[in-house]
Number of protein chains: 2
Amino acid sequence: MNEQVPLSPVDPWMLKNLREHVHGLVRKAIISGRLKAGEKLNERRLATELGISTTPLKEALRQLEAEGLVRTEARRGSYVTFNARQAEEMTLARAALESMIARQAAKHIEKSHVLRLSETLEQMKSALLVADLNELIALNEKFHDAIHEASGCQYLRRLQSNQRMYNHETRLLVLAEAHERERSFREHTAIFEAINLRDQDLAEKRMREHVMTAGEEHVRRVFGSQALGD
Amino acid sequence: MNEQVPLSPVDPWMLKNLREHVHGLVRKAIISGRLKAGEKLNERRLATELGISTTPLKEALRQLEAEGLVRTEARRGSYVTFNARQAEEMTLARAALESMIARQAAKHIEKSHVLRLSETLEQMKSALLVADLNELIALNEKFHDAIHEASGCQYLRRLQSNQRMYNHETRLLVLAEAHERERSFREHTAIFEAINLRDQDLAEKRMREHVMTAGEEHVRRVFGSQALGD
DNA sequence: ATTTGGTTCTTGATATATCAGATTTCAGAT
DNA sequence: ATCTGAAATCTGATATATCAAGAACCAAAT
């Protein structure tokens, strides 16, 4: 009884409830800089603007608060806390977590994961030749995902994903430069080698430096001169 | 017009709102193992038991969800997800973050922080001699706090505090053994030395190993044989 | 015995009303 | 002009009612 008519996927909006939808919306606004540090988020006003009640909005704000992007003072208001400094620290957090994941991957990796990683690197080499930026972004994701899989660390993976502050646009901007693409590929290759050698210290070190250079480059582009040196 | 009558501190309960109060309550229940993995948290029932409405409870659950201790499925229920494996990964996360903080501390530390750290180590030495366990626990906190201050990383600090799964009782249990107290002191001293030498790599390495051994010991005691080897 | 389809019940999602703390405003006293 | 404090206002906190999706159950059909 297999129906031959392919069903079109449902509207992504429907996949989430209001809370998740709003959470993603506000998070993106904060990360992208549209909502700046110190800006006030009035529960009633925001809920009205979004055409929803305050209940799901409050829950979304609690999530953002738990993520450290917003601070709420009782009966005073919610304020955006994300700024250039925090963006830098989020890069440090990403570096710390991702490098720990790489360490675990080097410890636990199996043949199937090695295959998937080397296969992804081959695809990257191809995409690099024709400078297919969108494909490179997707492959980058695939590469890091494969390492996450190899590490067997679900919780760390989740924690690390909370530190993401990239969006597709700024990503494209960075990879538009040839030397950035080449550096990225070189680093990915080196990380793979370290993991494949089961060298935990080396894998951790290379992953940390990879995340740090990429993260610093990103912060520079988004926050510009606001970014304090560290 | 300074009033001489010392005011007694207000009931800690009053310092928090219901949401924060409930959040801490449920978190502690989960971390301590009183609420086990897979257990269902019925919003209405729990709210009634606590004598509150569902609104603040829902917000508390959203926070716990953001922390990865609970998973909520729409119109199906909220479930505890914290288990032995996650406890192990939280130790890894603590190790990753705390060692990154130690690295930053080694990079940025100033004289005043060095003084505070060496002073704390002296106090630890004294408390170690008389085996004052409660004092040792407090000093441990003070030592790590001082490193956090020295690092200048507020966001990392916050993130790291979310990985805490200790409570005073199990802490006492561990420190009840003399060799654990001595090992702890030895490691703290070594960490201080590395930071004072501004050796980032060494500080990171020593802090990671310190957190890992302490964390593994803790997980062993709380989860016992459930803890899978890694 | 298995399947189908509807009814009922449970439960989180959402909307709305009310409560109470914090800020602001402004008249009245000094 | 400045200070005081009470009233008006704003705002998050909390309580309650309602909605709708999913699960459980049961009876009728096969």
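In this text the structure is predicted, and so the values were computed from the model without any measurement. Only this structure's heavy atoms are used, side chains among them; waters, hydrogens and symmetry mates stay out. Within every chain, numbering begins at 1; the chains are lettered A, B, ... in the order of the sequence lines, protein sequences first and strands thereafter.
B:Gln163 CD to B:Leu97 CG: the interatomic distance, rounded to the nearest 0.5 Å, is 6.0 Å.
Remark: B:Ala95 pairs with A:Met100, B:Arg208, B:Val211, B:Met212 by the side-chain contact (heavy atoms from CB on, under 4.5 Å) rule, at least two apart or across chains. For B:His148, the ring pair (Phe, Tyr, Trp, His ring centres under 6.0 Å) test picks out no residue, with sequence neighbours left out. A search for ring pair (Phe, Tyr, Trp, His ring centres under 6.0 Å) contacts involving B:Tyr155 returns nothing, not counting sequence neighbours. Every salt bridge (charged side-chain N to carboxylate O under 4.0 Å, His left out) that A:Lys142 has, sequence neighbours left out, goes to A:Glu119.
Remark: B:Arg62 does not engage B:Glu59 in a salt bridge, criterion side-chain N to carboxylate O under 4.0 Å.
Screening residues 28-56 of chain B for ring-ring contact (aromatic ring centres under 6.0 Å, His included) gives no qualifying pairs among residues at least two apart or on separate chains. For residues 35-91 of chain A, the set of pairs meeting the ring-ring contact (aromatic ring centres under 6.0 Å, His included) definition, not counting sequence neighbours, comprises A:Phe82-A:Phe223. Residue pairs that meet the salt bridge (Lys or Arg N to Asp or Glu O under 4.0 Å) test with at least one member in residues 154-176 of chain A, sequence neighbours left out, are A:Glu141-A:Arg164, A:Asp145-A:Arg157, A:Glu149-A:Arg157. Here salt bridge (Lys or Arg N to Asp or Glu O under 4.0 Å) pairs that include residues 68-78 of chain A, with residues two or more places apart or in two chains, are A:Arg71-A:Glu73, A:Glu73-A:Arg76.
Axis deviation across the helix from C:dA1-D:dT30 to C:dT30-D:dA1 amounts to 0°, comparing end segments of five pairs, rounded to 10 degrees.
Using a 4.5 Å cut-off on side-chain heavy atoms (C-beta onward), B:Leu117 and B:Val114 make no contact.
A nucleotide of DNA chain C counts as in contact with chain B when one of its atoms lies under 4.0 Å from a heavy atom; the first and last such, 5' to 3', are C:dT11 to C:dT14.
For the pair A:Pro56 and A:Ala74, both in contact range of DNA chain C, the more 5′-proximal nearest nucleotide belongs to A:Pro56.
Within residues 58-69 of chain A, the residues that have a heavy atom under 4.0 Å from DNA chain D are, in order of number, A:Lys58, A:Arg62.
Closest of all the heavy-atom pairs between A:Val80 and A:Lys36 is CB-O, 3.4 Å.
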Show each protein N/O and nucleotides 7-11 of chain D N/O combination with a separation under 3.5 Å, one pair to a line.
residue	atom	partner	partner atom	Å
D:dT11	OP1	A:Asn42	ND2	3.1
D:dT11	OP2	A:Asn42	ND2	3.3
D:dT11	O5'	A:Asn42	ND2	3.3

